[in-house]
Amino acid sequence: MQNTSGKKLSLEFFRNGDVVDIARNLLGKTLYCFVDGQLCGGTIIETEAYRGPEDRGSHAYGGKRTPRNETMYGAGGLVYMYICYGIHDMLNIVTGEEGTSHALLIRAIEPTVGIDVMRIRRGIFDQDTRLCQGPGALAKAMGLTKLHNSILITGEQIWIEDSGISYTDEQIVAGPRVGMNFDGPYKTIPWRFYVKGNKFVSKPHV
DNA sequence: TATAGGATAGGCT
DNA sequence: GCCTATCCTATAG
């Protein structure tokens, strides 16, 4: 087992504050997963916020509640996973108090631990920047699937640590979220955050 | 019960 | 840049 000497983020981190702020604050934190006996991890460098019932882009838009998105209504700190386009698993973290439905999507990390395992899972051996570049790729590299839905982000399988990395406002880009196929203010609201110039950020770049 | 479509990624033109 | 795999989910009938 490799060193993960940072401070594990508590449930309070995800329960207090606005999902948009939390998504932004996660940049620079380290995501770890221990799946199939393999430890993988990396620096979070791209996130998106989905702000509950008001947000047209959210699965919980208008207060919609179905078996798929039920996890979003749980207390902050739960992992919400679902499949997109029938192929890609997406890693989200629920925020806020129980009964609210805010969540953030982790879109990309810069791998630092278990890179060899990620290469095998992804079948990519010559371009490490692609290993976790995009939400579907990230989940695959980390070994995460919808089977991990509704587990805690503070457990033994998946957690986030503060390793002391922080970015200034000038190092963070806030732009429109990816894949918003509808009209209205939430189509372009700048709730996608990423580290400027980082080679591991997913396309499209703003 | 049927069917349209999606918070993507990779390969091809 | 465009195309589509692939399949679960939501929604309508």
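First the proteins, then the strands, lettered A, B, ... as listed; each starts at 1.
The stretch residues 138-150 of chain A has no heavy atom under 4.0 Å from DNA chain B, so no residue of it qualifies as close. DNA chain B lies under 4.0 Å from no heavy atom of any residue of residues 15-24 of chain A. Residues from residues 119-130 of chain A lying near DNA chain B, meaning a heavy-atom separation below 4.0 Å, are A:Arg122, A:Arg130 in numerical order. Of the residues in residues 51-65 of chain A, those with a non-hydrogen atom less than 4.0 angstrom from any atom of DNA chain B are A:Gly57, A:His59. At a non-hydrogen distance threshold of 4.0 Å, A:His88, A:Met90, A:Asn92, A:Leu105 from residues 88-110 of chain A come into contact with DNA chain B.
Heavy atoms of A:Arg177 sit nowhere under 4.0 angstrom from any nucleic acid atom.
Within the structure, the ring pair (Phe, Tyr, Trp, His ring centres under 6.0 Å) test picks out no pair touching residues 101-151 of chain A (sequence neighbours left out).
How far CG of A:Leu138 is from CG of A:Leu105: 8.5 Å, rounded to the nearest 0.5 Å. Atom OH of A:Tyr80 is separated from atom CG of A:Asn69 by 5.0 Å, given to the nearest 0.5 angstrom. Here A:Cys132 contributes atom SG and A:Ile109 contributes atom CD1; the two are 4.0 Å apart, rounded to the nearest 0.5 Å. Note that the CE atom of A:Met90 and the SG atom of A:Cys84 stand 4.0 Å from one another [nearest 0.5 Å]. Atoms CE and CG, on A:Met81 and A:Asp89 in that order, are 5.0 Å from each other to the nearest 0.5 Å. Distance check: A:Leu91 CG to A:Thr145 OG1 gives 11.0 Å after rounding to the nearest 0.5 Å.
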Sequence neighbours left out, cut at 3.5 Å: what donor-acceptor pairs do the side chains of residues 11-22 of chain A make with other protein atoms?
residue: A:Glu12; atom: OE1; partner: A:Ser10; partner atom: OG; Å: 3.3
residue: A:Arg15; atom: NE; partner: A:Gly76; partner atom: O; Å: 2.9
residue: A:Asn16; atom: ND2; partner: A:Glu12; partner atom: O; Å: 3.4
residue: A:Asp18; atom: OD1; partner: A:Val20; partner atom: N; Å: 2.8
residue: A:Asp18; atom: OD1; partner: A:Arg51; partner atom: NE; Å: 3.3
residue: A:Asp18; atom: OD2; partner: A:Arg51; partner atom: NE; Å: 2.8
residue: A:Asp18; atom: OD2; partner: A:Arg51; partner atom: NH2; Å: 2.5

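Separation of the A:Trp191 and A:Tyr50 ring centroids does not fall under the 6.0 Å cut-off.
Mapped onto DNA chain C by nearest heavy atom, A:Tyr85 and A:Arg68 fall at different nucleotides, with A:Tyr85 at the one closer to the 5' end. Comparing A:Ile87 and A:Ile83, the nucleotide of DNA chain C nearest to each residue sits closer to the 5' end for A:Ile87.
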(request) Show the numbers, then the answer: is there a salt bridge (Lys or Arg N to Asp or Glu O under 4.0 Å) between A:Lys8 and A:Asp162? (result) CA-CA 6 Å; A:Lys8 186 187 269 194; A:Asp162 185 343; over 6 Å; no
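When A:Arg56, A:Glu54, A:Arg177 are each tested for a side-chain hydrogen bond (donor to acceptor under 3.5 Å, both in side chains) with A:Tyr186, only one passes: A:Glu54. Only one option out of A:Asp128, A:Ile45, A:Thr129 pairs with A:Lys199 in a side chain to side chain contact (heavy atoms under 4.5 Å, CB included); it is A:Thr129.
The neighbour count for A:Glu97 CD, taken as heavy atoms of other residues, nucleotides or ligands under 6.0 Å away, does not exceed 12. More than 12 heavy atoms of other shown residues, nucleotides or ligands fall within 6.0 angstrom of atom CD in A:Gln127.
With a heavy-atom cut-off of 4.0 Å to chain A, the contacted part of DNA chain B has its first and last nucleotide at B:dG6 to B:dG10.
Not counting sequence neighbours, the partners of A:Val178 by the side-chain contact (heavy atoms from CB on, under 4.5 Å) test are A:Glu48, A:Arg107, A:Arg192, A:Pro204. Listed by chain and residue number, nothing satisfies the side-chain contact (heavy atoms from CB on, under 4.5 Å) test with A:Lys7 (two or more places apart in sequence, or in another chain). Listed by chain and number, the residues in a side-chain contact (heavy atoms from CB on, under 4.5 Å) with A:Ile172 are A:Arg24, A:Leu27, A:Tyr167, A:Phe193 (sequence neighbours excluded).
A side-chain donor from one of A:Thr30 and A:Ser163 sits under 3.5 Å from a side-chain acceptor of the other.
Using the six-membered ring where Trp is involved, A:Tyr32 and A:Trp159 have ring planes that are parallel, under 30° apart on the 30 and 60° scheme.
Using atom C1' as the reference point in both C:dT4 and B:dA4, the two lie 16 Å apart (nearest Å).
Each of A:Ile83 and A:Ile151 belongs to its own hydrophobic cluster when Ile, Leu, Val, Met, Phe, Trp and Tyr are linked at side-chain heavy-atom distances under 4.5 angstrom.
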(request) State the dot-bracket string of DNA chain B. Criteria: Watson-Crick or G-U wobble, both atom distances under 3.5 angstrom; notation: ( ) intrastrand, [ ] crossing earlier pairs, | interstrand, . unpaired. (result) ||||||.|||||.
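Distance A:Glu70 CD to C:dT9 P: 14 Å, rounded to the nearest Å.
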